[in-house]
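This one's a predicted model, so the numbers in the text were calculated from it and none came from an experiment. Numbered from 1 within each chain, the chains take letters A, B, ... in sequence-line order.
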Amino acid sequence: MTYDFRAIEARWQRFWDEHQTFRAEVDPERPKYYVLDMFPYPSGDGLHVGHPEGYTATDIVARYKRMRGFNVLHPMGWDAFGLPAERYAMKHGVHPAVRTAECIRNFKRQLKTLGFSYDWAREVDTTDPNYYKWTQWIFLQIWGAWYDPEQGKARPIGELEIPAEVSAKGAAAVRRYRDERRLAYLHDAPVNWCPALRVVLANEEVAEQVELGHEVVRRPMRQWMMRITTYAERLITDLEGLEWPASVLDMQKHWIGRSEGAEVEFPIEGADGIKGAGAAINVFTTRPDTLFGATYMVLAPEHPLVARICSDQQRTVVQAYVDAAARRSERERQAEAAEGQKTGVFTGAYAKNPATGGRVPVWISDYVLMGYGTGAIMAVPGHDERDHAFAQAMDLPIVEVVSGAARPIAEAAHTEAGLAINSDFLDGLATPQAKQRMIDWLEERGLGRRRVTYKLRDWLFSRQRYWGEPFPLLHRPDGAVVAVPEDQLPVTLPPLDDFQPSESGEPPLSKAVGWRELPDGSLRETNTMPQWAGSCWYYLRFMDPSNAAAPFSKAAADYWLPVDLYIGGAEHAVLHLLYARFWHKVLFDLGHVGTREPFQRLVNQGMVLGATYYPRGRAGIQQNFPLDEVEPVAPGSDQWIHKLTREPVEVKWDKMSKSRGNVVNPDDVISQYGADTMRLYEMFMGPLEHSAPWQTEGVAGCHRFLQRVYRLAFETSDDEGVPDRLRELPAGEGSDRQRRLLHRTIHAVSERIDRLAFNTAISAMMVFVRDIVAEGEPLHRDTLAQFCLLLSPFAPHLAEELWSALGQRTSLAHELWPAADEALLVDPTFPLVVQIQGKRRAELAIPQGASEEDVKATALAHPDVQRHLDGKTPRRVIYVPGKLLNIVV
RNA sequence: GCCCGGGUGGUGGAAUGGUAGACACGGGGGACUUAAAAUCCCUUGCGAAAGCGUGCGGGUUCGAAUCCCGCCCUGGGCACCA
C-alpha cells in the first residue's frame with residue numbers, strides 16, 4: 001500500500017463532523033478572528049477549480065489562527081436567489097426552489113470533500129424564509145429611515161419633523177412628505193426593457209441579448225430605489241483605515257466619483273415663439289472658471305425641459321432624435337459616442353450665458369447623461385475634449401478663455417489649468433482662484449452656487465422577477481404604502497409556475513392570485529429584491545444564524561465584528577462591496593451594529609485560467625476545440641495540433657467558463673489525487689492575488705510531495721495487502737542540524753502564512769522534506785510532530801493522519817502552533833558573497849559576529865579575489881554585514 | 001481615451017536595493033524492473049569559453065528584476081461623468 005488519500009480523507013472528514021471540531025461560539029475570554037469567503041452562487045455546473053482557490057486560502061488562515069489561539073469564525077453559505085434558477089425553471093419546468101436545493105446539495109458535497117474547516121452549523125441560504133425574513137426586516141429598517149443631513153446619519157422616519165404647513169394639509173400630505181425622504185423610495189427610472197424576454201436587463205446583459213437579436217429599449221418603469229447617494233461622502237471617507245488593495249480603494253472612489261464645482265443657471269431666452277421662456281437650465285460644472293467660454297449648451301435627450309423649449313420648426317427632428325436615443329441602451333449609446341461619433345440636434349432654443357450675457361444655442365445629444373449632474377451641460381469647446389469634438393462636428397463657435405494652450409484652440413481643446421483670458425473680471429487669475437472667484441460672483445447674483453456632485457447614482461433596488469425576496473410592503477386602496485407588520489414576516493414567495501412578467505412589464509408575482517390581495521383591499525408589492533439583497537448582510541447572519549427573534553444578537557455582533565479577513569474575486573470590487581458597506585452604515589446609524597465598516601481586510605484572489613484551444617488566428621468565444629480533439633505535437637511540447645486535421649492550434653489562457661469548454665472540475669482532481677493535493681496545488685500555483693493557469697501536470701508534483709511526507713512516517717510495501725508500518729522514530733528533535741532545519745521551517749512557514757504568501761510557504765516545506773531525508777540521520781518524533789502541525793493548514797487530512805499515527809488521540813486543529821527557537825535560526829557561520837565591481841567573484845564562510853576588519857582582510861586574502869583583483873588596489877570596500885562585500889577598484 | 005495591474009528559463013513562479021532563476025512542472029540521462037508504471041539519483045537560462053542575461057532605451061547607485069524618466073507589449077476595470 002501507499003498513501004491512501006481516499007481512506008484518509010474520508011476518515012478525517014467524518015471525524016471532524018462527528019466531533020464538531022470547527023464549531024465556534026461566542027467566547028469573550030478569547031480573542032476572535034472572523035475569516036470570510038465571498039459565498040458562492042450555487043450554479044448548476046457545480047464548483048470549478050477557481051472556487052477553491054479563495055476558499056483554500058481562507059481555510060489555511062482559519063486553521064492557522066485557530067492554532068494561534070484565536071476563536072475563529074469561518075462560515076459558508078449560499079447566495080441562492082438569482083436569474084439562472086428562474087431561467088432553468090422556464091426551460092425545464094422545475095421550480096426554482098427545487099433546482100436551487102439540488103444545486104446547493106451538490107456544492108456542499110463538493111466543498112465537504114475539500115476538507116474546509118467551516119462551522120457548518122452556521123450555514124445560511126438566502127432563499128430560506130428563515131433567512132429572507134430578516135432581509136425583509138432590514139429592508140423595512142431602511143425604508144423606515146431618512147437621512148438627516150444635519151446629524152449626517154440615518155434616523156427612524158418617525159423622528160422626522162413635519163413642518164407645520166405640511167401637517168396642516170392633512171395626513172396624505174404628511175405621508176407624502178415622509179415618503180419623499182425615506183431611504184427607499186418609488187421612482188420612475190429608465191431601465192433596459194427587453195420585450196422579447198419580457199424582463200429588465202442589467203447593463204452588462206444588454207450586449208448579449210442584442211447579439212442574440214433581441215431588441216432592448218430604454219423605458220421608464222416604477223421602481224424601488226435606495227438612497228445610497230446620501231452616503232456618498234461617508235462611503236469615501238470611511239475607506240481610510242481599511243486594509244484593502246489600493247486598486248479596489250481607487251475603484252470605489254472613482255465609482256463614487258466626487259467632484260467639486262458649481263451649479264449655474266442659464267435662463268431660456270423668450271424669443272421665436274419658444275414656450276419655455278422663463279424657464280432656466282441648471283448645469284453642473286467643475287470648471288466655472290471657463291464660463292466665459294461656454295458657447296452652447298447640451299441637454300440629455302431625456303431632459304424634462306426638452307419638450308418645453310423645443311421650437312416648432314425643430315420639433316420633428318428633436319422628437320426623432322429622442323425616440324432613437326430611447327431605443328438604444330445606455331451602454332450602446334455611450335460606446336458609439338466614445339468612438340467619436342458625435343450626434344445631436346439643435347432644439348431651436350437659446351439660453352443666456354450669465355457671464356457674457358450672450359445668447360447660446362441649446363442642443364440635445366447622447367453624450368450628456370440624464371443620470372449624472374443635472375442632465376445638462378454648458379459646453380466649453382475650447383477647454384473640454386468632448387465639447388470640442390461636438391463643436392467641430394456641428395460647426396459651433398470655440399472661444400479660448402484659459403491661456404497656455406500647446407496647440408491652436410481651433411485644433412484641440414486645452415484642458416489643463418492656466419491663466420484666465422477673455423474673461424472680464426477673471427482675466428489673469430490662475431484656474432483654481434478663477435474657479436473660486438466665479439462661484440463667489442455667481443452666488444452674489446443668485447445665478448449659481450458652490451456644489452459637490454457625485455457620479456454615484458441611487459440604487460435601483462427592484463426586479464421584475466419571481467426568484468427573489470418579496471418586498472414586505474402593502475399598497476393600500478388609498479394609495480398609501482405601508483409595511484407588513486414585523487410579526488407577519490416573512491412574506492413568503494407564493495407557489496407559481498409561470499415566471500414570465502406580463503406584456504406591460506408587471507412582475508410575475510402580479511399573477512399570484514390569492515396571495516397578492518388582502519382582505520382589506522390592499523395589494524402586496526409584486527416586485528422582488530435584487531440578488532444583492534441577500535449578499536448585503538450574510539456576514540451578519542453568520543454571527544448568529546438561528547436567531548428567531550432578530551437577524552443577529554447584539555452580543556454576537558459586538559463580539560464578532562468586523563470581519564477580519566474577506567477574500568473573494570475582484571469582480572466584486574465595486575458593486576457588492578459598495579452595497580454591503582451602505583447597508584452596514586445604515587444599520588450602524590440605527591444602532592444595530594457597532595462598527596462603521598463591515599470588512600477590515602480585503603484580499604482579491606486571482607482567476608484560475610483554463611487552457612483554451614483555438615484555430616490559429618481565430619481566438620474567440622465559440623470557436624475553440626474541446627480538449628479531447630487536440631494534442632501536443634510531441635510529449636511536453638507547447639505546440640498543439642488538432643488530432644484529425646493536424647492543423648496547428650493556438651493555446652490561450654482564458655477565464656474558465658462553460659461556453660469556452662475549458663472548465664476543470666475539482667471532483668476529477670480529487671478522485672485522482674485527493675483533496676490535500678488539490679488544496680496544495682491551488683496555493684502553489686503562484687501568489688494568491690495573481691491569476692494563474694491551471695496545469696494538470698503541476699498537480700502531480702504536489703501529490704508527490706505529500707507521498708514523500710507520508711513515507712516519512714510510514715514504511716510502504718509494493719506488495720498487495722501488506723499494510724503500511726509506522727517507522728520507529730527516535731524521540732526528541734534529533735541533532736542540531738535536524739533542529740535547525742525544523743526551526744528554520746517553522747519560522748519560514750509562519751511568516752509566510754502571515755503574509756498570505758502560501759506558494760512560498762509550501763516550497764519551504766518541500767525543502768524541509770527533501771533535506772530531512774537527505775541528512776542520513778533518522779527523522780525524530782518531535783520533529784515530525786511539529787512538521788505535521790505546520791502542514792496541517794494546507795493538507796489537513798494527511799496531517800491529522802500522521803498526528804494520530806504518532807499516538808495523539810485528538811485532532812490537531814486546536815493544538816498550539818509551533819514556535820521557532822530564535823537561537824536555532826542563526827548558523828555559526830554565514831556565507832559571505834564577495835563582489836568586485838558588483839560582480840560575484842567568491843563566496844566564503846565567515847564566523848558569525850566577525851568584525852568588519854577581519855571580514856575584509858579574510859576576503860582580500862582569498863585566492864579567487866586576488867586573482868580577479870589582478871594587482872589593482874581596492875579604492876573602496878562596501879560591507880553589508882552578514883551578507884556581502886563589494887570591492888570597488 | 002482614462003485608471004489599475006503585469007512583462008524574469010521550455011512552463012508556473014522565487015528574489016521588495018545586495019549571490020537572478022528558490023520550489024515545482026516539463027525535458028535529457030541513469031538506477032531498480034522480463035517490461036512498463038511507480039519510485040529514487042544526476043542534469044537542465046544562453047554560450048565552447050571569456051562572458052551574456054529579468055520586454056526595449058536611458059538614468060540614479062559601490063551595487064538595479066527591484067528606484068526614476070521615456071517607449072513597446074499584455075491583462076483587467078471603467079468609459080462622452082461635465
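Phosphate proximity of B:C40 to A:R708: present, with a side-chain N or O under 4.0 Å from OP1 or OP2. Regarding contacts with the backbone of B:U39, a side-chain N or O of A:Q707 is found under 4.0 angstrom from either OP1 or OP2. Residue A:R704 places none of its side-chain N or O atoms closer than 4.0 Å to OP1 or OP2 of B:A38.
Across B:A82, B:C80, B:G12, the shortest atom-to-atom separation from the side chain of A:I377 is found for B:A82. Proximity note for A:D250 (side chain, C-beta onward) versus B:C78, B:C4, B:C23: the nearest is B:C4. Listed candidates were B:G18, B:C78, B:A15. Nearest to the side chain of A:I878 is B:G18. For A:F684, taking side-chain heavy atoms from C-beta onward, the closest of the listed nucleotides B:G12, B:A14, B:U19 is B:G12. Checking B:C23, B:C78, B:G18 against every side-chain atom of A:N886, the shortest atom distance belongs to B:G18. Among B:A82, B:A15, B:G18, the nucleotide with an atom closest to any side-chain atom of A:R755 is B:A15. Among the nucleotides B:U19, B:A15, B:C80, the one closest to the side chain of A:Y367 is B:C80. Side-chain proximity of A:R770 to B:G26, B:A20, B:C23: nearest is B:C23.
The partner of B:G51 is B:C46, by the rule that a Watson-Crick or G-U pair needs both atom distances under 3.5 Å. The partner of B:G18 is B:C62, by the rule that a Watson-Crick or G-U pair needs both atom distances under 3.5 Å. In this structure B:G75 sits in a base pair with B:C4, meeting the Watson-Crick or G-U test at under 3.5 Å. Here B:C40 sits opposite B:G30 as a Watson-Crick or G-U wobble pair (both hydrogen-bonding atom distances under 3.5 Å).
Straight-line distance between the C1' atoms of B:A49 and B:C3: roughly 50 Å, to the nearest whole Å. When the C1' atom is used for both B:A31 and B:A22, the distance is 27 Å, rounded to whole Å. Across the P atoms, B:G51 and B:A36 are found 44 Å apart, a figure rounded to whole Å. Remark: the separation of the C1' atoms in B:G70 and B:G63 is 24 Å, to the nearest Å. Annotation: B:G75 and B:G58 have their P atoms spaced 28 Å apart (nearest Å). If you take atom C1' in B:C23 and the same atom in B:G9, they sit 14 Å apart, rounded to whole Å. Across the C1' atoms, B:G53 and B:C46 are found 7 Å apart, a figure rounded to whole Å. Comparing B:C80 with B:U61, their P atoms sit 46 Å apart, to the nearest whole Å.
Following rounding to the nearest Å, A:M683 (CE) and B:G13 (P) show an atom-to-atom distance of 14 Å. Residue A:K253 contributes atom NZ, which lies 19 Å from atom P of B:C78 at whole-angstrom precision. In this structure, CZ of A:F266 is placed 17 Å from P of B:A82, rounded to the nearest angstrom. Atom OH of A:Y673 is separated from atom P of B:C25 by 11 Å (rounded to the nearest Å). Per the geometry, CD belonging to A:Q695 stands 15 Å off P belonging to B:G10, to the nearest Å. Here B:A14 presents its P atom at 12 Å from CE of A:M685, a figure rounded to the nearest Å. In this entry the distance linking CG of A:L249 with C1' of B:C3 reads 14 Å, nearest Å. Rounded to an integer number of Å, the gap from A:E689 CD to B:C4 C1' is 15 Å.
Using modelled atom types and a 3.5 Å distance limit, the side chains of A:Y367 and A:T343 yield no donor-acceptor pair. Under 3.5 Å, the side chains of A:D458 and A:T229 contain a donor-acceptor pair of N or O atoms.
A residue-by-residue look at A:F284 and A:M766 shows that A:M766 has its nearest nucleotide of RNA chain B further toward the 5' end. Comparing A:C702 and A:T374 against RNA chain B, the residue whose closest nucleotide sits nearer the 5' end is A:C702.
As judged by a 4.0 angstrom heavy-atom cut-off over every strand, A:V880 is placed among the base-contacting residues. Residue A:E843 is in base contact, counting any heavy-atom pair closer than 4.0 Å across all strands shown. Residue A:V888 is in sugar-phosphate contact alone, with no base atom involved, counting any heavy-atom pair closer than 4.0 Å across all strands shown. Looking at heavy-atom distances under 4.0 Å, A:Q837 makes no contact with the nucleic acid at all. Among the atoms of the strands shown, none is found under 4.0 Å from any heavy atom of A:D384. Among the protein residues, A:K455 comes within range of the nucleic acid bases, having at least one heavy atom under 4.0 Å from a base atom. When heavy atoms are screened at a 4.0 angstrom cut-off, A:R711 is found touching the sugar-phosphate backbone but no base atom. Contact annotation for A:N759: backbone-only contact, meaning every heavy-atom pair under 4.0 Å involves sugar-phosphate atoms and none involves a base. Backbone-only engagement by A:P687 is indicated by non-hydrogen atom pairs under 4.0 Å involving sugar-phosphate atoms exclusively.
For the pairing with A:E260, the side-chain contact (heavy atoms from CB on, under 4.5 Å) check across A:I439, A:T286, A:V452 returns one residue only, A:V452.
Note: A:F768 and A:F787 meet the aromatic proximity criterion, with ring centroids under 6.0 Å apart. Checked against the 6.0 Å centroid criterion, the rings of A:Y3 and A:H703 qualify as a close aromatic pair.
For the atom pair CG (A:L860) and CG (A:L885), the distance works out to 7.0 Å, reported to the nearest 0.5 Å.
Using a 4.5 Å heavy-atom threshold, the side chains of A:N886 and A:V834 count as separate. Looking at heavy atoms from C-beta onward, A:L844 lies out of side-chain contact with A:P831 at the 4.5 angstrom threshold.
In this structure, A:R6 contributes its side chain and A:S671 its backbone to a donor-acceptor pair below 3.5 Å.
Under the 90° criterion around 0 for the glycosidic angle, B:G9 counts as syn.
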